[in-house]
Amino acid sequence: MVKEMDEREEIKRIIAQNRLRDKIFWILGLLFTVVGFVVLFVLLLDLFMDGLPRLKWSFFVSYPSRFPEKAGILSAWVGTALLMVVTALVAIPLGIAAGIYLEEYGRKNFITHLIEINMSNLAGVPSIIYGLLALGLFVYFFRFGESILTGGLTLGLLILPYVVIATRESIRSIPNSIREASYALGSTKWQTIRHHVLPYSLGGILTGIIIGLSRAIGETAPIITVGALTFIAFLPSSPISTSFPFLSFKWLFDPFTAMPVQMFNWISRPQKEFHLNAAACGIVLLIMTLLMNGLAIYLRYRFRKRIRW
Amino acid sequence: MFRSMNPKTERTKIKEKVIEGALLLSALSSVFITLSIVFILFYEAIGFFKYVSLIEFITGTSWTPLFAKPTYGILPLVCGTLLVTVIAIIVSLPVGLVVAVFLSEYAPPKVRDVAKPILELLAAVPTVVYGYFALLFLTPLLQRIIPNLSSFNALSPGIIMGIMIIPYVSSMCEDSMRAVPMHIREGSYATGATKFQTAFKVVIPSAFSGIAAAFLIGISRAIGETMVVAIAAGMMPNLTFNPLEPVQTLTAYIVGVSIGDVPHGTLEYRSIFAAGVTLFVMTLILNIVGFLLKRRIREVY
């Protein structure tokens, strides 16, 4: 009798202990998840407190300077914008095409398998390795020099896996019945893809592109490796010219700097005043990437809500 | 018979073939990228090893490329890389796993839907901003607690890098835990187990290969991360396991040399490719093992 009582007490004790552990873990989990938010918040706060006073109009329209109060990010943001143009032109068509091939055409054979393994491996290659690739391939082998073209191509290759993965996931979510309906009406494979598969998967692809470009904006290491300069007090040549043929591509071969490179340069200086400039530059950079990511999250949400198969 | 007589269909067929060919070429471009990475890294590295013996490179304990009599022993850089990586892992793996368990097993769906995107924003912050944070926020903060911490050190970038990697680890762990079928959990609940017991004795073992893959890929991220260490760890090749001292990683060395615009073809130029090969091989092994593990989990369920 006493023994039975003891056993019962023992079981109660174990249950209580288990429940307590469960509760403790619940709190721990919530705490750790919140830590992420707190870090993000502190990061923003620290950056804003340091950099906000520098964020005036003149900061955006001045070149870098020896005097921290006069220095600005004009050449940096123009460089970043032009880089993004080249990056998008490389990564978007190539990435979507590769994604379509792998999902719609690729049979289960050696080549498809090879491409797939290769793609997921590329996504894990450190970004600085892309910088070394570009240094050897674009700068010295193709002789593009330390130019906007080289930088854009580098970043384009870097974000290619993002675009491919987004395209594939988006295409995969389209039910086969859509394709079969199109075939039943006599369309060819490409017509089906062009008029049905692509339009429906556009939302997902767009999300992937935006996330990829937001990565590219913040990438610093590969851009430094291919020779972005840290002090540029002029703008690349204008893409529009007054004489025929009115469009000029000389800017592609101009030396450049970019926002993250400019920020890195300012951080590496010992003077505190330059650190404030770095913070201001960081704010601009951070706002751009967070906005792009926010847009991507919103688009994903919108498209998921709108399309119901 | 009827079809082949129609020139329009014939043309459509050719067009279809051409398009398929173009798409295949785009897909193959990724293979071309990988091949060029391997070719260029090894081509320049072989040029390097003509002047520096491989044995000196692997076993040498000092890395002084800028001295009058340069020595090229990769160990200090590898050591710096590993030191920072270990610190980052100590931060990111436990936190990432706990967050993943919480989001996958405990949190209500609404909380998860909000928390996941916000955590992913942590991964979207440019690394150079994290570098700023490590050098100008965390290091001064840590110096108040540890007075003999030098202003460039391995500890602060290691911690920041760990925080940076948390979203990768937690998101991949969570995905593999959610792939565990519900009935396995229900079996555990039916025996009277708590969520905690179910998570750690049933779900985590079932999702083990996916979690291991997440860890490996997290480690490879840490090894390849560049800007945080280039900014906050100092640029001093230092064979030490003391996190309070400045170190230089493989990646930071490459950045350091690139900033000073090295002439093409010099030994210094080639040395960054030798460092690059070392880095590439380290991350490649981790990525391949991670990939195989991730594929295994897909086969189980």
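This is a predicted model, so every value here is computed, not measured. Residue numbers begin at 1 in each chain, while the letters A, B, ... track the order of the sequences.
- In this structure, CG on D22(A) lies 7.5 Å from NZ on K195(B), to the nearest 0.5 angstrom.
- No part of I217(A) comes within reach of chain B, as not one of its non-hydrogen atoms sits under 4.5 angstrom from that chain.
- For I117(A), the parts sitting under 4.5 Å from any heavy atom of chain B are the backbone and the side chain alike.
- Ranking L160(A), L286(A), I211(A) against chain B, the residue ahead of the rest is L286(A), based on heavy-atom pairs under 4.5 Å.
- Remark: I129(A) CD1 to L284(B) CG distance equals 10.0 Å, nearest 0.5 Å.
- For chain B, the nearby part of I297(A) is the side chain; its heavy atoms alone come within less than 4.5 Å.
- With a 4.5 Å cut-off on non-hydrogen atoms, S120(A) touches chain B through its side chain but not through its backbone.
- Here the shortest heavy-atom pairing between P126(B) and T289(A) reads CD-OG1, 3.7 Å.
- Both the backbone and the side chain of L94(A) come within less than 4.5 Å of a heavy atom in chain B.
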Before giving the answer on side-chain contact (heavy atoms from CB on, under 4.5 Å), spell out for F264(A) and I259(B) the whole-Å C-alpha distance, their side-chain angles and the decisive distance to 0.1 Å.
-> CA-CA 11 Å; F264(A) 174 60; I259(B) 283 180; 3.0 Å; yes
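- When heavy atoms are compared at a cutoff of 4.5 Å, F291(B) approaches chain A solely by way of its side chain, counted from C-beta outward.
- Inspection of the N18(A) and T194(B) side chains reveals no N or O donor paired with an N or O acceptor under 3.5 Å.
- Both the backbone and the side chain of T251(B) come within contact range of chain A, with heavy atoms under 4.5 Å apart.
- Here the straight-line distance linking atom CZ of F200(B) with atom CZ of R21(A) works out to 11.0 Å at 0.5 Å rounding.
- I166(B) does not touch chain A: none of its heavy atoms, backbone or side chain, sits under 4.5 Å away.
- Between I115(A) and S30(B), the shortest heavy-atom contact is CG2-OG, 3.9 Å.
- Between F273(B) and G136(A), the shortest heavy-atom distance links the atoms CZ-N, 4.4 Å.
- Taking the six-membered ring for Trp and thresholds of 30 and 60 degrees, F102(B) and W26(A) have ring planes more than 60 degrees apart, a perpendicular arrangement.
- Per-residue heavy-atom pair counts under 4.5 Å with chain A were compared for I217(B), V38(B), L28(B), and the maximum is reached by L28(B).
- Contact of L135(B) with chain A is made through the side chain alone, with heavy-atom distances under 4.5 Å.
- Taken to the nearest 0.5 Å, the CZ atom of R221(B) stands 9.0 Å off from the OG atom of S127(A).
- Chain A forms more heavy-atom pairs under 4.5 Å with one residue of L103(B), T127(B), L136(B) than with any other, namely L136(B).
- Annotation for Y132(B) and H275(A): closest pair CE1-O, 3.6 Å, computed over non-hydrogen atoms.
- Comparing V255(B), T283(B), I19(B) by heavy-atom pairs within less than 4.5 Å of chain A, the highest count is held by I19(B).
- When ring centroids are compared, F25(A) and Y106(B) come within the 6.0 Å threshold.
- The two residues L132(A) and I40(B) make their nearest non-hydrogen contact at O-CG2, 4.1 Å.
- What you find for V125(A) and N287(B) is that their closest heavy atoms are N-ND2, 4.1 Å.
- Here the CZ-CD1 distance, from F133(B) to I267(A), works out to 12.5 Å after rounding to the nearest 0.5 Å.
- Both the backbone and the side chain of A279(A) come within less than 4.5 Å of a heavy atom in chain B.
- To the nearest 0.5 Å, atom OG of residue S29(B) and atom CE of residue M119(A) are 6.0 Å apart.
- Using a 4.5 Å cut-off between heavy atoms, T226(B) contacts chain A through its side chain alone, with no backbone atom that close.
- Neither the backbone nor the side chain of I96(A) comes within less than 4.5 Å of any heavy atom of chain B.
- Contacts between E146(A) and chain B at a heavy-atom distance below 4.5 Å involve the side chain alone, from C-beta outward.
- Centroid-to-centroid, the aromatic rings of Y140(A) and Y269(B) come within less than 6.0 Å.
- Ranked by non-hydrogen atom pairs under 4.5 Å with chain A, the options I272(B), I118(B), L119(B), V277(B) are led by I118(B).
- Salt-bridge formation is detected for the pair R107(A)/E20(B): a Lys NZ or Arg NE/NH1/NH2 atom is positioned less than 4.0 Å from an Asp or Glu carboxylate oxygen.
- Contacts with chain A were tallied for L286(B), V95(B), I163(B); V95(B) has the most, counting heavy-atom pairs under 4.5 Å.
- For chain B, the option among I283(A), V35(A), T112(A), V42(A) with the highest count of heavy-atom pairs below 4.5 Å is V42(A).
- Contact count versus chain A (heavy atoms, under 4.5 Å) is highest, among V125(B), I288(B), L25(B), for V125(B).
- Applying side-chain contact (heavy atoms from CB on, under 4.5 Å) to T188(A) and the options K13(B), E16(B), K15(B) leaves one that passes, E16(B).
- Among the candidates G99(A), G282(A), A278(A), A221(A), the residue making the largest number of heavy-atom pairs closer than 4.5 Å to chain B is A221(A).
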